[in-house]
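Worth saying up front: this structure is predicted, and the values here are computed from it rather than measured. In the text below, chain A, chain B and the rest are named by the order of the sequence lines, each starting its count at 1.
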Protein chains: 2
Amino acid sequence: MIKILIVDDHKMFVEGLEFILSKEEDIEIVHRCYEGKEVFNKELLEKIDIILLDINLPDMTGIEVSERILKMNQNVKILVLSMHDEESYITEVLKSGALGYVLKNTGRKELVTAIRTVASGRTYFSEAITNTIMNGLMNNSKKAKPIEKDVPKITRREKEVLDLILDENTNQEIAGKLFISLKTVEAHRSNLLSKLNARNTAGLVKKAMELNLV
Amino acid sequence: MIKILIVDDHKMFVEGLEFILSKEEDIEIVHRCYEGKEVFNKELLEKIDIILLDINLPDMTGIEVSERILKMNQNVKILVLSMHDEESYITEVLKSGALGYVLKNTGRKELVTAIRTVASGRTYFSEAITNTIMNGLMNNSKKAKPIEKDVPKITRREKEVLDLILDENTNQEIAGKLFISLKTVEAHRSNLLSKLNARNTAGLVKKAMELNLV
DNA sequence: GCAAGTATTAGGGTATGCCCTAATTTTCGC
DNA sequence: GCGAAAATTAGGGCATACCCTAATACTTGC
């Protein structure tokens, strides 16, 4: 039996939830809170498995509630219910330690799936939520792109040599691994130095790590 | 009709894809590439809607391919196929502009769904992928601070030498700047190598940057 | 304060890295 | 295809980094 605590200040919504969940054999609503501060009760927390947590509470945000609860009791699982699918909200919720985030316009069936998933310790997110996050990641990077320093073009062979240098191989060892002469390796190394504007190995490694290639 | 280009160096895998997709009425495989560089062909790109792109190509990474293609032709959609679900991979792929990322162990049905979704301009990610990203977001914030590895204790003088090494100074130059003999600098450098478990300058710089000190 | 440990200093010898030059092969634009 | 440009190959010569050992100064615990 999955024991549930609902935390939401909209009584009508809470009643709707109770009705929906009453049809599930394995789910039992143990308690309801209409304010954030009511939740911080050790005995209460020990009796329940999952908290269905609203983000917009009258006295504090659901994010603060989530953080504080997980400091008090690591066993309880938190499933956030929210009307908002803005990226900033979602990432904050994820950082707070909640295991799931579903939108309030989610259907009965999906809500039950989310509850059972979170109850088992796994994570659950509405499709719209994952889309928001994924799109956010994609856009962030597009904006971040144009800053990109002009990476000098390293040839295939030079890249191989560079990788082996970064792995602490000596030129001799690199020559052996790539089946070329010591002198050739030194030439590649030299070209890398000039392409990356480095004076020696130290600069080479530093530039390589700054630009990307590790 | 969704016109597809497959880019993957594993011929067996490509043939498997062809077989699977041949059963779909609305999907047509127009061309196959077994190397990244074959893809950069304007005429080819104009004929197709979606690229099914492998990440591990012999000559370059799928991420590079994705970036270059989207610079050439904004209309083409990219769906990445990969065996890896590591977070770093996925975020790189998202940044590259690809619209979807599915694992190679995905079933036929899901693959077809992914193709149709991406063809319509929307994004699609395997469930495992979204889980990885979500877990990554959740853990990032928790880990952020406490990671800090046990930094071997570097002495004041060694630190000075290390800083100058990182600034591409030779031992001779360091000796001049610190008013000590060349031989002393070499000794400090030697001790740094052993304290940081490095074999040479390359390892020294790498470890130094990984640990903190830049 | 004194002994034990560590930091800083340094030398001799060898391996390695770096610069200049240059031939051959591969790639690329037209 | 063909010619130019770039990549890959390599040698000689010198500077630099790395290894071993070891003396002197500087901390630190008791």
Looking at every strand, decide which applies to A:Leu182 at a 4.0 Å heavy-atom threshold: base, sugar-phosphate, or nothing.
->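 If one applies the 4.0 Å heavy-atom cut-off, A:Leu182 turns out to touch nothing in the nucleic acid.
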
[X] vs [N]: side-chain N/O to OP1/OP2 distance below 4.0 Å:
{"X": "B:His188", "N": "C:dT9", "answer": "yes"}
{"X": "A:Thr184", "N": "D:dA10", "answer": "yes"}
{"X": "A:Thr201", "N": "D:dA17", "answer": "no"}
{"X": "A:Ser190", "N": "C:dG17", "answer": "no"}
{"X": "A:Thr155", "N": "D:dT8", "answer": "yes"}
{"X": "A:Arg157", "N": "D:dA7", "answer": "no"}

Rounded to the nearest Å, what distance is computed from the [atom1] atom of residue [X] to the [atom2] atom of nucleotide [N]?
{"X": "A:Ile180", "N": "C:dA23", "atom1": "CD1", "atom2": "P", "answer": "20 Å"}
{"X": "B:Leu178", "N": "C:dA7", "atom1": "CG", "atom2": "C1'", "answer": "15 Å"}
{"X": "B:Arg156", "N": "D:dC26", "atom1": "CZ", "atom2": "P", "answer": "11 Å"}
{"X": "B:Asn169", "N": "D:dA15", "atom1": "CG", "atom2": "P", "answer": "19 Å"}
{"X": "B:Arg189", "N": "C:dT16", "atom1": "CZ", "atom2": "P", "answer": "15 Å"}
{"X": "B:Arg199", "N": "C:dT16", "atom1": "CZ", "atom2": "P", "answer": "9 Å"}
{"X": "B:Glu168", "N": "D:dA17", "atom1": "CD", "atom2": "P", "answer": "12 Å"}
{"X": "A:Asn171", "N": "D:dT16", "atom1": "CG", "atom2": "C1'", "answer": "13 Å"}

When you match A:Thr170 and B:Lys37 each to their closest nucleotide on DNA chain C, which lands nearer the 5' end?
->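 The residue mapped nearer the 5' terminus is A:Thr170.
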
What residue among B:Val118, B:Val14, B:Leu5, B:Leu21 forms side chain to side chain contact (heavy atoms under 4.5 Å, CB included) with B:Leu52?
-> B:Leu21

Report the nucleotide, chosen from D:dA10, C:dA10, C:dT8, that has the shortest atom-to-atom distance to any side-chain atom of B:Ser181.
-> C:dA10

If you check the B:Lys183 side chain, which of C:dT9, D:dG12, C:dG13 turns out closest?
->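 The closest nucleotide is C:dG13.
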
Check the pair B:Asp8, B:Lys104 against salt bridge (Lys or Arg N to Asp or Glu O under 4.0 Å), reporting the backbone distance first and the verdict last.
-> CA-CA 12 Å; B:Asp8 197 317; B:Lys104 283 194 173 179; 2.9 Å; yes

Please test B:Lys183 against B:Glu186 for salt bridge (Lys or Arg N to Asp or Glu O under 4.0 Å), starting from the C-alpha separation and ending with a verdict.
-> CA-CA 5 Å; B:Lys183 281 299 161 184; B:Glu186 290 178 351; 2.9 Å; yes

Is there a side-chain contact between B:Phe13 and B:Asp54 (heavy atoms, below 4.5 Å)?
-> no

Under the salt bridge (Lys or Arg N to Asp or Glu O under 4.0 Å) criterion, do B:Arg157 and B:Glu160 qualify, and how do the steps go?
-> CA-CA 5 Å; B:Arg157 206 56 160 168; B:Glu160 291 177 316; 2.9 Å; yes

